[in-house]
**Student:** 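First the structure, which I've put down as structure tokens, then a few questions once you've had a look.
Just so you know, residue 1 is the first one in the sequence shown, and it goes up from there.
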Amino acid sequence: MKRNKLIILLGAGMLLASSCGKEFLQKLPQGELAESQVGNSDGVEGALIGAYSILNGNVSGTWGNYGSAPSQWVFGELPSDNAHKGSELTDQTPMNMIETYGTISTNDNLSTMWQVYFEGVLRCNNTLKLLANDQAGAKEITAERAIQIQGEARLLRAHYYFFMWRVFRNVPIITEEVSAEEAETIANDQDVLPFIEADLKFAIDNLPETKINNEHGRMDKTTAQAYLGKLYLYQKKFPEALVLFKEVMAGKDLVAMPFWNNFDVTKENGPETIFVSKHAINDNGSSDNANVGDMLSGLYGSSPVGCCGFFQPTIDLVNAYRTDADGLPMLNGDYREDPYKSDLGKADTSYRLDVTLRFDPRLDYTVGRRGVSYLDYGIMPGNGWIRDANYAGPFVGIKTMVPQSQFANETAPGEKYVTGLDVNIIRLADVWLMAAECEVEAGNLTEALKLVNDVRNRAANLAPKKTATGANAANYVVKPYTSFPNQTYARNAVRFERRLELALEGHRFFDLVRWDIAKETIEAYSTFEGSFLPSYKGLTFSDNDKYWPIPQAEIDRSNGILKQN
């Protein structure tokens, strides 16, 4: 962690004056300058942009950032019942270990996660150091802007630490007041959550309610409130979390905000965005600032994307979208009876899509399945877009893809799987359902019912997906709950709704762990999924699987100061 020079973005001060769109983070080539050369307004602002740039999980280049992706698909989805690694068994085998609870400390995804997010922490700290130097000397930065910069940097630092805490739990606390030499002596034996909380509270008190410079990727007070509420939720501080969530939700109408806008590259910066990782393909074709963490989830084979076939939805997730005669989810697990598994195990010529099955329409805006229209690519043909269906199933994801009509501007030249699609880290529906969870735990079932039904009523507005003949691809039906008869039922309903609404967005595994239902959920899922896909049969889950080992290389580098989980 020792640094004698500060990595900054050359010319970043000028970038701040650019448009309020994705250009906010479009980067010029990086270089190294001594701190004395950047201890001015432009240098501080450039260092802050450098801290923001780690949001996409990338320090440089494109390949290899999967473990640090802002979507957290590797740690938040693969070990859950929502997604498979995909591709084929022998490709990216370290991910197999994460998915099947056999991770060892030399797994490269762990090192990527640790190194990239600590780079984010260090860039936040460097920003705060440079700012303090300015305020102690020339004061080129106004007092008003200085407090905003502190708020932005500390909120970013809280985010980087929270992501690392969820994965590793035990991480060293490095502040801007710690020298490089001192940082090498700090152990990972302190609880980082109070430190994260302090940063978030500072951000709430000092960030404006509107986006600075009208730049949508910026941190603001609402972002900080939502994040602190989320931190409290993870600590089961439900009353404190609910106060913050209510402030975030005040005056907003979720039902009027189209669900698909969250994943439409042409509809970004909408009112549902709370905390977002901004992505862009630069004018020169550079993709350093693109959605490189999700690039492997591109479709395979004859698809318009052509690579790479990872991050496939599970059969269990697809069937979770089935609804009963009342248009409600099957909370008791009945969706696993007589399951739908598309064309798995069937000859191509014999398969016919059953359009009479009742499904929540969010299914076909989350999962690509054979016989159903897929963006503007045409009808999903099945195995032609899948690398090995017998290994990871017959389904593909949709939320990380962009339409062909946007390839020219929103994908890297020759690499259609690298996109400019933003990733929502916290969106309003997430807040809605976290608030519903708090209401359930407080016994306010009527309020919880309203919040869950807002999410469901919005889902009912989704236009049907079609088949090649123009018919609806399913009997789409999703209706609101008429009541929550008791707290247990309400709790299950909220948890199930989070799965349906936020599927493949990086939340599921962490939700299962914080609800303390990971073992029972994953082992029941393994019994079901493994009956179709043998690689997922017989999975067992223990308390040791709730988080991951500290990378062995970091322990070695610390000369044993860092202790293994």
**Student:** Donor-acceptor check, side chain of S277 to backbone of V423, threshold 3.5 angstrom: yes or no?
**Tutor:** no
**Student:** D388 side chain to S87 main-chain N or O, any donor-acceptor pair under 3.5 Å?
**Tutor:**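 The answer is no, because no donor-acceptor pair under 3.5 Å joins these two groups.
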**Student:** To the nearest 0.5 Å, how far apart are CG in D288 and CG in N282?
**Tutor:**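 That separation rounds to 7.5 Å.
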**Student:** Against Y52, only a single residue in E215, R123, K278, E152 fulfils side chain to side chain donor-acceptor pair (under 3.5 Å); can you say which?
**Tutor:** E152
**Student:** Under 6.0 Å between ring centres: does that hold for F509 and F75?
**Tutor:**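 So the answer is no for these two rings.
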**Student:** Could you measure the distance from the OG atom of S287 to the CD atom of E415? Nearest 0.5 Å is fine.
**Tutor:**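 Nearest 0.5 Å value for the OG-CD distance: 5.5 Å.
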**Student:** Between D511 and R498, is the closest basic N to carboxylate O distance under 4.0 Å?
**Tutor:** yes
**Student:** A224 and I204: which non-hydrogen atoms are nearest, and at how many Å?
**Tutor:**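 Smallest interatomic distance, heavy atoms only, reads CB-CG1, 3.5 Å.
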**Student:** Just how far is it from atom CG of L421 to atom OG1 of T411, taken to the nearest 0.5 Å?
**Tutor:**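 Those atoms lie 11.5 Å apart.
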**Student:** Taking 4.0 angstrom as the limit, do D191 and R169 come out as a salt bridge?
**Tutor:** no
**Student:** As an exercise, state the distance from NE2 of H507 to NZ of K230, rounded to the nearest 0.5 Å.
**Tutor:**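 That separation rounds to 5.0 Å.
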**Student:** Looking only at non-hydrogen atoms, find the nearest pair between I315 and P394 and report the distance.
**Tutor:** CG1-CD, 4.3 Å
**Student:** Are any side-chain N or O atoms of N289 and backbone N or O atoms of H279, one a donor and one an acceptor, separated by less than 3.5 Å?
**Tutor:** no
**Student:** On a heavy-atom basis, which atom in L502 and which in K399 lie closest, and how many Å separate them?
**Tutor:** C-NZ, 4.0 Å
**Student:** Is the distance between the ring centroids of F311 and W73 less than 6.0 Å?
**Tutor:** yes
**Student:** Does the ring center of F528 lie less than 6.0 Å from the ring center of F532?
**Tutor:**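 Yes, they do, as the ring centres are separated by less than 6.0 Å.
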**Student:** For R508, is there an ion pair with D81 - N to carboxylate O distance below 4.0 angstrom?
**Tutor:** yes
**Student:** Keeping T527 on the side-chain end and E523 on the backbone end, is there a donor-acceptor pair under 3.5 Å?
**Tutor:**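 Yes, T527 side chain to E523 backbone: donor-acceptor pair under 3.5 Å.
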**Student:** I'd like to know if the side chain of N126 reaches the main chain of L122, judged simply by a donor and an acceptor atom lying under 3.5 Å from each other, with no hydrogens or angles considered.
**Tutor:**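 Yes, because the side chain of N126 sits within donor-acceptor range (under 3.5 Å) of the backbone of L122.
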**Student:** Hydrogens and angles aside, do E197 and Y232 bring a side-chain donor and acceptor to less than 3.5 Å of each other?
**Tutor:**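 There is such a pair (donor and acceptor under 3.5 Å, judged by atom type) between the side chains of E197 and Y232.
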**Student:** Do the side chain of Y160 and the main chain of A51 share a donor and acceptor less than 3.5 angstrom apart?
**Tutor:** yes
**Student:** Check whether the ring centres of F163 and W114 lie less than 6.0 Å apart, and answer yes or no.
**Tutor:** no
**Student:** Tell me if the centroids of the rings in W548 and F168 come within less than 6.0 Å of each other.
**Tutor:**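 That pair fails the under 6.0 Å test.
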**Student:** Walk me through it: do V44 and I149 pass the test side-chain contact (heavy atoms from CB on, under 4.5 Å)?
**Tutor:** CA-CA 9 Å; V44 174; I149 291 172; 4.0 Å; yes
**Student:** Can you tell me which residue pairs pass the salt bridge (Lys or Arg N to Asp or Glu O under 4.0 Å) test with a partner in residues 538-548, sequence neighbours excluded?
**Tutor:** D516-K546, D543-K546
**Student:** Is K211 reaching over with its side chain to a backbone N or O of R218, donor-acceptor style, under 3.5 angstrom?
**Tutor:**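 Yes; at least one donor-acceptor contact below 3.5 Å.
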**Student:** Aromatic rings W63 and Y417: how do their planes relate, parallel, tilted or perpendicular, breaks at 30° and 60°?
**Tutor:**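 Taking Y417 first and then W63, their aromatic rings sit tilted (interplane angle of 30° to 60°).
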**Student:** Can you name the closest pair of heavy atoms from P534 and N390 and give their distance?
**Tutor:**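 Reported closest heavy-atom pair: CD-O, 4.4 Å.
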**Student:** Measuring from E437:CD to L233:CG, what's the distance to the nearest 0.5 Å?
**Tutor:**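 CG of L233 is found 4.5 Å from CD of E437.
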**Student:** On the six-membered ring of Y161, is R157 placed so that its NZ or CZ lies under 6.0 angstrom from the centre and within 45° of the ring axis?
**Tutor:**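 Output no; distance or angle outside limits.
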**Student:** Is it true that a side-chain atom of S526 and a backbone atom of L539 form a donor plus acceptor pair closer than 3.5 Å?
**Tutor:** yes
**Student:** Is a donor from one side chain sitting under 3.5 angstrom from an acceptor on the other, for D42 and N40?
**Tutor:**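 The criterion, which ignores hydrogens and geometry beyond distance, is not satisfied for N40 and D42.
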**Student:** Between E505 and R427, is there a salt bridge with N-O shorter than 4.0 Å?
**Tutor:**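 Counted as a salt bridge, because a side-chain N and a carboxylate O are separated by less than 4.0 Å.
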**Student:** Looking at F395, Y391, Y536, F310, which one forms a ring pair (Phe, Tyr, Trp, His ring centres under 6.0 Å) with H84?
**Tutor:**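 Running ring pair (Phe, Tyr, Trp, His ring centres under 6.0 Å) over F395, Y391, Y536, F310 with H84 returns exactly one hit, Y536.
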**Student:** Looking at Y117, Y234, F275, F195, which hits ring pair (Phe, Tyr, Trp, His ring centres under 6.0 Å) with F162?
**Tutor:**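 So the option named by the test is Y234.
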**Student:** Between the side chains of T223 and D220, is a donor N or O closer than 3.5 angstrom to an acceptor N or O?
**Tutor:** yes
**Student:** What pairs meet the salt bridge (Lys or Arg N to Asp or Glu O under 4.0 Å) rule with one or both residues in residues 89-101, with sequence neighbours excluded?
**Tutor:**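 Of all non-adjacent pairs touching residues 89-101, those that pass salt bridge (Lys or Arg N to Asp or Glu O under 4.0 Å) are D91-R387.
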**Student:** In Å and rounded to the nearest 0.5 Å, what is the OG to CD distance from S297 to E77?
**Tutor:**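 Reported value, rounded in 0.5 Å steps: 11.5 Å.
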**Student:** Given S71, which of N291, N424, D294 fulfils the side chain to side chain donor-acceptor pair (under 3.5 Å) condition?
**Tutor:** D294
**Student:** Side chains of N96 and K85: any donor to acceptor distance under 3.5 Å?
**Tutor:**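 Yes, a side-chain donor-acceptor pair sits under 3.5 Å.
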